[in-house]
Amino acid sequence: MALTALVVDDHRLFRATARMLLESEGFDVVGEAEDGASALSEVARLRPDVVLLDVQLPDATGFDVAKQVTSKRDGSRVVLVSSRSASEYGELVAECGAVGFIAKDELSGQSLGAALREGRADEDR
Amino acid sequence: MRIADRALRAWAWAGFVVFFGTMIGSTVVDVVDRRNYSDWGSNDTLSGIVFALMVSLFPVVGMLVVHRQPRNRIGWLLLAIGLAWAVSGMLDVYARVALSLAPGSLPAGEAVEVVGGGSWVPPFLLMGVFLVLLFPDGRLPGPRWRVLAWIAVVDAVLILAAITFTPGRVDEVPVPLSANPLAVGPHALWQGVAVIALPVFPACILAAAVAAVLRFRRATGTRRLQLKWLMTAVSLVAALYALAMVVSLSNLSRNPDGSDGAFMLVLQNVAVLAFGSIPVVIGVAITRHGLYGINRLISRALLVALLGVFVTAVYVGVVVGVGTAIGQRQPSVWLSVLATALVAVAFQPARDRLRRLVNRLVYGERATPYEVLSDFAAQMTGRYTTGELLPRIARTVSECLGGARVAVWLRTGDELVPEAAWPLSAAEPPPGVTVTGEELPVLPADHVCPVRHGSELLGALAVDVTGREPLAPGELGLLDHVASQAGLVLRNVRLVEELHSSRQRLVNTADDQRRRLERNLHDGAQQSLVSVALMLRMAANQHDPEVLSATLHEAADQLQRAIAELRELARGIHPAVLTDRGLAPALTSLAERCPVPVELRDELRRRLPAPVEGTLYFVVAEALTNVAKYSGARLVQVRLADLGTAVLLEVADDGVGGADRSRGSGLVGLADRVAVHDGELTVSSPAGQGTRITCRLPVPAPAPDDPTTPARQPEAVAG
């Protein structure tokens, strides 16, 4: 069964493109959210397997949202995305409970799958 | 029942006339009847007149005071002193007429003579005890002092009784009597009373002086100042009397026959006259204490007194000291000449030294106003940094004003803020006060002196004299002088502050611009490019040619949008057209992109230095952005004029107006930018009448045949 995904980003263009890309690679994009508050309510409502979460949101940082999502331990895993590079955020990515980080321009079903696999391997260890 | 002021004045005048009538009568009789002697140390007519003059000063001042303030108790006391002297004079006149001028013409001459012998007691009681005890408000310093008042009164009565009733010989003016006609009781009784009562009298006077000193120490404000006046006069009189006593005891100024020499006579008369200074200063203290600088008077009086002591000391030292050493009994003419020469030579340096000493005593550490001003001038030569300067001004002024609290207020924008104060205090400084125009607002202080440069209000010096004496006219004058000099200082301080904050704003503006740029790149071009990347990745996996084509078209469109956004951003950073083709095409391009129609009138026929062109461009760009965002205007006129050594730029719209330079950071940033080139930016934006931004920038005068001057179309209209 295809993994369900929620795309959270304040740029409509990115949400649309990411949805098309992920769906073309076998993900089931079940919803979109444009800020932190609606992201949390959509996660609670849709219980997606993966939350593709932008770091810079209008009302909160992606790190704060990721912490709240992962603390509930209801199965949703978070992969952070940003048009900046991971090195700009350093430890913050690992500390917020997200399983991985993908630069926006490197996003694909493949890279997302790889991030999830790597995250699961970490959890198993 | 309350007596009307008019009635009080009438009574005062009546008493005053009685006093003068008696005084004149007494003086006439005194001159006619030469067989008298005076208790005042000499028996010449001059001394009699001097004494009469001195005594007259009491009721004269009393009359002046009562005339202005009919309920002033001290005024009435001064009048009473005059009347007491008048009674004394009347008794004297009566006795002289009855016993000397026309013997037998009046009854009871001898009895009057005896009573007159004690007539000095009441005026001395009033002058020596009550005047000092009741000054300045006519009330005792405290309920306990009532005891002193009673002791003094009882003592005076006892002295009078002893003088009046003691049996035996009476040694009085004008005729000594062999037996007292009023004698009552045994001689020993009255003598005992006199022995006890007489020394108590000066003790009461001394106690009254102590009361005045105590009153002075706890007095504040006007009361303190009034007491200071009195104490100054009393000290002067005491010093002169002490001097007279020293001269008298030293046998210095004595004629060979044992009578007083000329110097002694002058000194005695001066001392008697100086006594008259007491009522005079009382009058000044009551009615005019705010008009004269007491400190100045004190320092002068002290200087004169010390110089007197100096001259006397030299004289005594040389004439008596040297005279004794070389075995001369009589004062030598040569030694007198030597002493005079010494005094003449040493007088100037001694006066300078004494003046410094006196100034230090009266004005404190910082000494005279002159020193303060010269010190102040030295401070402005740049020995101190701005941060040190304002506290230093406060301190200098405070020390000069005898430690009053002085605050230096500085204007920042439309607010006066207390920037420095002396003496330092842990209390919270008062809040800032809003300034309207160039008017000095009300500040929480007793004396406030505005500090201006030209008409521009830069700050203020505020002096608080709570618990101290009010400032004397001289001190107020000094404050004015310091304030006028401080104008330059505060202007410098303000320029430095303005430079500092404008520099800060420039840095902040640059930071803001960078942040905005990053945000714009991130939200605009970067997002578009990210999408293009994702679309191309999607296209790579696409096998359906139709979907592939659509995806690639979408990616190309997105890429074009990104390019457009980047172009716009680049123009915002610095428009290439400005660098390449100059101001006119750059402004035309701005005008074309403005949503409000722009009428551009460019009268500039030459290229300007790049920074100037950049500044003018950004002023127009910011102005047009504001017009589009806020003004609701239908037309904007942009005019650029070449004034030779300056360029004038005007951007005027017909919108709603009401733009506030202090609120919009954009306008402030522009003003800073213009200020960097020594230019001026003014914004006039009355509500409902549109906004006019005028910018004047100095530029190098054009060269006579400037090859870079391109021919341009004078006018371009775009919309």
Side-chain angles (χ1 to χ4, degrees), chain A residues 2 5-29 32-36 50 52-63 79-89 101-115, chain B residues 508-573 625 629 665-666:
Chain A
L6 175 73
V7 179
V8 184
D9 196 299
D10 55 330
H11 293 103
R12 191 192 49 76
L13 179 63
F14 177 78
R15 290 200 304 272
T17 324
R19 174 190 278 271
M20 278 199 294
L21 180 68
L22 293 180
E23 282 181 344
S24 76
E25 294 191 43
F27 281 85
D28 180 11
V29 178
E32 293 176 19
E34 58 178 3
D35 54 31
V50 53
L52 196 65
L53 182 61
D54 186 21
V55 172
Q56 282 174 294
L57 295 171
D59 59 344
T61 72
F63 304 113
V79 173
L80 289 165
V81 288
S82 171
S83 44
R84 299 200 171 105
S85 73
S87 63
E88 286 186 50
Y89 300 115
F101 178 95
I102 301 172
K104 275 185 181 176
D105 54 315
E106 289 171 6
L107 180 69
S108 65
Q110 211 179 348
S111 62
L112 184 57
Chain B
N508 290 348
T509 308
D511 284 349
D512 284 346
Q513 282 171 344
R514 280 197 202 95
R515 264 194 295 278
R516 209 164 44 224
L517 195 59
E518 195 272 346
R519 192 78 226 169
N520 287 343
L521 278 171
H522 174 83
D523 288 347
Q526 202 172 10
Q527 298 302 326
S528 299
L529 290 173
V530 162
S531 300
V532 171
L534 298 190
M535 283 171 192
L536 291 178
R537 190 159 295 129
M538 215 154 49
N541 299 331
Q542 196 53 255
H543 304 297
D544 180 345
E546 269 185 35
V547 178
L548 177 65
S549 164
T551 308
L552 287 178
H553 272 116
E554 177 68 14
D557 287 350
Q558 210 50 251
L559 208 49
Q560 240 164 3
R561 253 171 255 154
I563 290 165
E565 276 162 7
L566 284 175
R567 192 184 291 133
E568 194 61 28
L569 271 179
R571 191 172 15 232
I573 296 169
T625 305
K629 273 189 190 165
S665 66

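Note on naming: letters A, B, ... go to the chains in the order of the sequence lines (proteins, then strands), and numbering restarts at 1 for each one. FYI, side chains are in, hydrogens and waters are out, and symmetry mates aren't considered; it's all heavy atoms of this structure.
- Closest of all the heavy-atom pairs between A/Leu107 and B/Leu534 is O-CD2, 3.4 Å.
- A/Leu21 contributes atom CG, which lies 10.5 Å from atom OG1 of B/Thr551 (distance to the nearest 0.5 angstrom).
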Run the side-chain contact (heavy atoms from CB on, under 4.5 Å) check on B/Gln558 and A/Leu13 step by step: do they pass? CA-CA 10 Å; B/Gln558 210 50 251; A/Leu13 179 63; 3.2 Å; yes

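- Contact annotation for A/Ser24: only side-chain heavy atoms (C-beta onward) come within less than 4.5 Å of a heavy atom of chain B.
- Note that the CD atom of B/Gln526 and the NZ atom of A/Lys104 stand 8.0 Å from one another [nearest 0.5 Å].
- Here the straight-line distance linking atom CD of A/Gln110 with atom CZ of B/Arg537 works out to 9.5 Å at 0.5 Å rounding.
- For the set B/Val532, B/Asn541, B/Val530, B/Leu529, the count of heavy-atom pairs under 4.5 angstrom toward chain A peaks at B/Val530.
- Counted within 6.0 Å of CZ on A/Arg84, heavy atoms from surrounding residues, nucleotides or ligands total more than 12; the atom is thus considered enclosed.
- The neighbour count for A/Glu88 CD, taken as heavy atoms of other residues, nucleotides or ligands under 6.0 Å away, is above 12.
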